[in-house]
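Note that the structure is a prediction, hence the values are computed from the model and not measured. Here is the naming used below: chain letters follow the sequence lines, and residue numbers restart at 1 for every chain.
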6 protein chains.
Amino acid sequence: MKPWRSNQHRPLLTPMSIIAGRLSVQFGAHYLERQQGGRGVLLGGVPGVRPAHVAILGGGVVGTEAAKMAVGLGARVQLVDINVEQLGYLETLFGSRVELLYSSQPEIQRVVPDADLVVGAVLVPGRRPPTLVSRALVAQMRAGSVIVDVAVDQGGCIETMQPTSHSHPTYETEGVLHYGVPNMPGAVPWTATQALNNSTLPYVQQLAQHGLKALAMDESLAAGLNVRDGQLVHPAVQQVFPELAAPTKSAG
Amino acid sequence: MKPWRSNQHRPLLTPMSIIAGRLSVQFGAHYLERQQGGRGVLLGGVPGVRPAHVAILGGGVVGTEAAKMAVGLGARVQLVDINVEQLGYLETLFGSRVELLYSSQPEIQRVVPDADLVVGAVLVPGRRPPTLVSRALVAQMRAGSVIVDVAVDQGGCIETMQPTSHSHPTYETEGVLHYGVPNMPGAVPWTATQALNNSTLPYVQQLAQHGLKALAMDESLAAGLNVRDGQLVHPAVQQVFPELAAPTKSAG
Amino acid sequence: MKPWRSNQHRPLLTPMSIIAGRLSVQFGAHYLERQQGGRGVLLGGVPGVRPAHVAILGGGVVGTEAAKMAVGLGARVQLVDINVEQLGYLETLFGSRVELLYSSQPEIQRVVPDADLVVGAVLVPGRRPPTLVSRALVAQMRAGSVIVDVAVDQGGCIETMQPTSHSHPTYETEGVLHYGVPNMPGAVPWTATQALNNSTLPYVQQLAQHGLKALAMDESLAAGLNVRDGQLVHPAVQQVFPELAAPTKSAG
Amino acid sequence: MKPWRSNQHRPLLTPMSIIAGRLSVQFGAHYLERQQGGRGVLLGGVPGVRPAHVAILGGGVVGTEAAKMAVGLGARVQLVDINVEQLGYLETLFGSRVELLYSSQPEIQRVVPDADLVVGAVLVPGRRPPTLVSRALVAQMRAGSVIVDVAVDQGGCIETMQPTSHSHPTYETEGVLHYGVPNMPGAVPWTATQALNNSTLPYVQQLAQHGLKALAMDESLAAGLNVRDGQLVHPAVQQVFPELAAPTKSAG
Amino acid sequence: MKPWRSNQHRPLLTPMSIIAGRLSVQFGAHYLERQQGGRGVLLGGVPGVRPAHVAILGGGVVGTEAAKMAVGLGARVQLVDINVEQLGYLETLFGSRVELLYSSQPEIQRVVPDADLVVGAVLVPGRRPPTLVSRALVAQMRAGSVIVDVAVDQGGCIETMQPTSHSHPTYETEGVLHYGVPNMPGAVPWTATQALNNSTLPYVQQLAQHGLKALAMDESLAAGLNVRDGQLVHPAVQQVFPELAAPTKSAG
Amino acid sequence: MKPWRSNQHRPLLTPMSIIAGRLSVQFGAHYLERQQGGRGVLLGGVPGVRPAHVAILGGGVVGTEAAKMAVGLGARVQLVDINVEQLGYLETLFGSRVELLYSSQPEIQRVVPDADLVVGAVLVPGRRPPTLVSRALVAQMRAGSVIVDVAVDQGGCIETMQPTSHSHPTYETEGVLHYGVPNMPGAVPWTATQALNNSTLPYVQQLAQHGLKALAMDESLAAGLNVRDGQLVHPAVQQVFPELAAPTKSAG
């Protein structure tokens, strides 16, 4: 069983991914309301009326949490991912309550046009995710459908998606509402702040107890060091500001 | 909440309906195997591959039990019924695990062509059920799909369905396998016999203890009397054999 | 087991109650976001951070559906009702996933101040519901908490609640956001219209087939007649417009 | 928690194991029907009548999937395995819905004679599985019970089991029906083919993009090479055809 | 669907039945501990070791609640009842998690000797329940097994059961621990008192608001009147104290 | 996903931890009974009456199993742990059925005073666990509440907890019942013995087949060697009895 794919190289971001995944469906449900410009569809339907159809692209932390919320609200849920083992893990989590589909262009072209809500949840650490949904495919969606892309700050996986802001969170293109706020967890700061605290506290405690020696004691803490003795030491940041880089690559 | 619609006027038949509903999906899964002439689809799919789509027409005892088995095997399940209250009850039973749709010709025409397995579960006590699925609609189904009609002995709700037998249980029409054995519970006599015993035993015990007086003590028992003093007394049977009827309608 | 309390005297309104109950939590989650003026709490929390606390007043159709959605989103849910049998029924539905409490002022005074979201779901057919939550109690809630009252058009059960509109859905009083749009299902017309169609269609079909005779065939249909031969015949409407009333009470 | 034991050294076979495990119960249910020579038992029984008893030998991928289906159809399920950690994992999956028993001869001798359906799911990679069920034990089963052995092509774990074929899938020995078709997934080629495609596609894409270099880039791909420059290079195949082996063991 | 059988003629006792049913398994688990004289079996077992087997006689309120707790603790649970409709209802509640068996002497003789814990939950309003388990059958149980009879104050359904007290709650007969405290809810007065309050409060409020007129307004309240104008008026109590009876049967 | 934290360095103790965790709630429920000196609270309450509140300190094997039982009996359950990843894993196990809280003194001071039952489940291998609950905090609990500490033999995490025995299992301090029997699984020897057998059997079989060579074949077996050639060789035991130590550290 492939486990819950934590953002292994970015542990502090995992709680933010959980929050963003959960909010993506909350936002989607909201923008499907008629007054927000949506189709006027209730995610769970009512007995006798079809529930909304939610398509989730990507089955990592974000996609898994989005699927939990969509299931909890009673929607019909499909999730596509390129990793068969991860799909196997998700089946142990959701049983047959979520249709788990292998990601391919033909499959995406079957799934997206029929969806009321598409959640983009494709994250490729350190790289722009591939464009899975073209403008032509968006144009096939029903008018008033909604797309939420959680990875918009890294480019997103939807061709028509642009970053938006909490003050103007959506725009309409090809008849479809697009939600592309990069900092979703900012909507629930009470929850997000505590979650971040819980994840960072152990590192803060190490520093408070051991000072600089803590870097030697914990490799992952050392890897987070950006500036030492007035010079940039983090390789990724050095690349951006080469003139500030320390002469020797001391922490990597 | 509309309760589980028992065959109220035919209490002894309820366990047979339960068995038939459960077997309908077991038979359907079997005939979807390639060696039986079916499409070669596994009801529950595998992670990454779409599960089969089961459409159940009717949400009474038979349809409810069929839905339980289809859900248990991991299929995608849709159930249509004409009674909104019954659909509400089924939602308390299945949550959003089964799509519960109001029965109408447009809905049936959307649901049936996409189904791998159609279960006919429409029972109108004492009457022929309406034809919900026309030959033209059957012809739109994928080749190798399967139809099982539980009410075939009362005419069934599928235009192309004919009664078959346990020795030759299926035939193919319009590219679709048809299963129409009227006495489904005959496939599992160990279970069916005990179920019938449990339902009939209270009546047998009344007769054993009180003899003919039992008829006066229990209206429903009396209503089942067919022959008394050598003459037919049951109104429905009298209609068929008027020459054997008792002169006075003594029990009804 | 006390069944799902349908609006027995108003069957056509049951689907609207289902929709309103489900939307009450969707709206509540939305207004708890920081940008909407709420506390910035995610209903389901994240592992390690307390989930939001949802208090539902009333366990009929509206309250039951609100509880389903709140559970589905991962909140901690408490529901109070005055009917012990209904609470027993709800336990068969939710197990111990929802805390089911007998409604009393002391209990309400324990539950409400600790809630992030209060859903008013008290409906007394034809009467104004009792005021369960006083202004003083609202003032004890945390700043940025949210109240949604589904029965606001009949007076509601929250002292500080006033009807609002889809264009200006909320206002703030005592530091708490109040949502009081009377016609909630108007937010999801695609779903709501079909649900109403499904419930009214049988009556329309009776009229189409039998004309005025349908009134004689179905007592519940006859009870809905408002105007006959140019005169008001419905008792409740007659009371409002006595000058238009028919001389004889012909349909009641 | 011991994870889902994938066929780690044979990743492409995992989906086949899933399919075989699921089909084993579907076949078992079918052959328990009276017309197929079985006991005439419905797996899930009916309320008041004992469900069938399914005993699963082995708790790897095959046994886990068999248990899911048997649970889904309502049977009483017992599963034995020799690995305590795997049993612990299965409890997180099934809760107490499946009785999880440590494999020992005394336990197997208690479990098997009482079973209506025995599923052999013992796979020891590259070796013949041990014989867990002797002919004498089979003879203690009730007449008309069914045994399905998923590992029959590697010898199986049932003394009386012989390979059969899709055209003659069963035979009867000691009063018990034996099903021993080695290529079970052949019954559902639509599902099986897509599952295989999903698992093999990443390797095909590597070859298509990088040609022979792909072997250097992916150790697991290289390990699958059988013939290079006209000579056998795979050690296992070399053992079978030593005269065709390359002089140097280039890929292993 | 036969609903949850409330003690319809004794509504105030329903919460006491719920409590007694839940406690019966809590007591059973306790007395199965070695230090209490029991077999030393943990109800839920551990992965690899058989769970305890709980047999519940009777599927009304008491038996249903006992089954919930036994399932919650992970035991294997069988429940027998004489009412097929009630068994059908219990299946909607428990799915196949509880084996639901039709009550007959042969079935009871199969179930009881194999049980670690037998819960007697047979209540026949106003009558002594039948003896379902004879001394001979008790003697077949394993040494250190436990029997709890909830209806012991009405005679119980176990031949060897005698009423005991909270101070000496158990005794041993035929090697089996017997628990027969009539007033089980007395063990949890905090919970029981509030439950009784919730059930009786509506009647108290009627009396407080309307005084004696409340009797005329509510038939069920009037039926509970015992003494009026210094004379016994309740028929059942009159039978016991005929000399105190009112001359006319004023309230019945 | 952080997996089920097995006692990795003490594999044979895992089943004992499972049993102790499950028993901790069984004991807690028992001592909450009024006759045992407890508050008289039923863990699951009844519909309309608040369930008991169970607070579990620590989310390893013991805490996880305690949570399963508390949920199974219908209590409100909160669990605190210091490991965010483990809390994430527990959410996949319990969904939102258990409130999962990050362990901190402020959180513990909110959780403990409101609890009816506190389960101490903090195990730090080879070290005394930290004192999480001070005497002052215990004094804030309601009279008649119960504390069970599973790790009392290693010092426990409750300031007021002392080891007790199966013959005198509890004492009262600050109005709260304390249960501190170190060898909990001794209460269910039938289950515990088999569980231990299942875990130790593979090692016994290795020794039986290979004699002393088994030590060379299995590192974990070798690490368990205490005495060789009449001399102590296990480092931990050598520290306690240095005069009996072998001159060379042969097995570690």
Please identify, among E:V49, E:V71, E:V46, E:L87, the residue contributing the most non-hydrogen atom pairs under 4.5 Å to chain D.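 Option with the greatest count: E:L87.
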Contact residues of residues 180-194 of chain E (partner chain D; heavy-atom separation under 4.5 angstrom):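 Listed by number: none.
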Can you give me every donor-acceptor pair (side chain of residues 113-124 of chain D, partner residue at least two apart or in another chain, under 3.5 Å) with its distance?
| from | atom 1 | to | atom 2 | distance (Å) |
| --- | --- | --- | --- | --- |
| D:D114 | OD2 | D:H53 | ND1 | 2.9 |
| D:D116 | OD1 | D:R39 | NH1 | 2.3 |
| D:D116 | OD1 | D:R142 | NH2 | 3.4 |
| D:D116 | OD2 | D:H53 | N | 2.8 |

Which answer fits D:V80, side chain, backbone, both or neither, if we ask what part of it has an atom under 4.5 Å from a heavy atom of chain E?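 Contact with chain E: none, neither part.
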Got a sec, which residues hit ring pair (Phe, Tyr, Trp, His ring centres under 6.0 Å) with E:Y31, two or more places apart in sequence or on another chain? E:Y179
Heavy atoms under 4.5 Å from chain E: which residues of residues 95-109 of chain D carry them?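 Residues D:S96, D:R97, D:E99, D:L100, D:L101, D:Y102, D:E107 are the ones that qualify, each having a heavy atom under 4.5 Å from chain E.
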If you compare all heavy atoms of E:P47 against all heavy atoms of D:V84, which two are closest, and at what distance to 0.1 Å?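 Minimum heavy-atom separation between E:P47 and D:V84: O-CG1, 4.5 Å.
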E:Q78 vs D:R50, side chain to side chain contact (heavy atoms under 4.5 Å, CB included): CA-CA, chis, key distance, verdict: CA-CA 10 Å; E:Q78 293 184 310; D:R50 290 187 177 237; 3.9 Å; yes
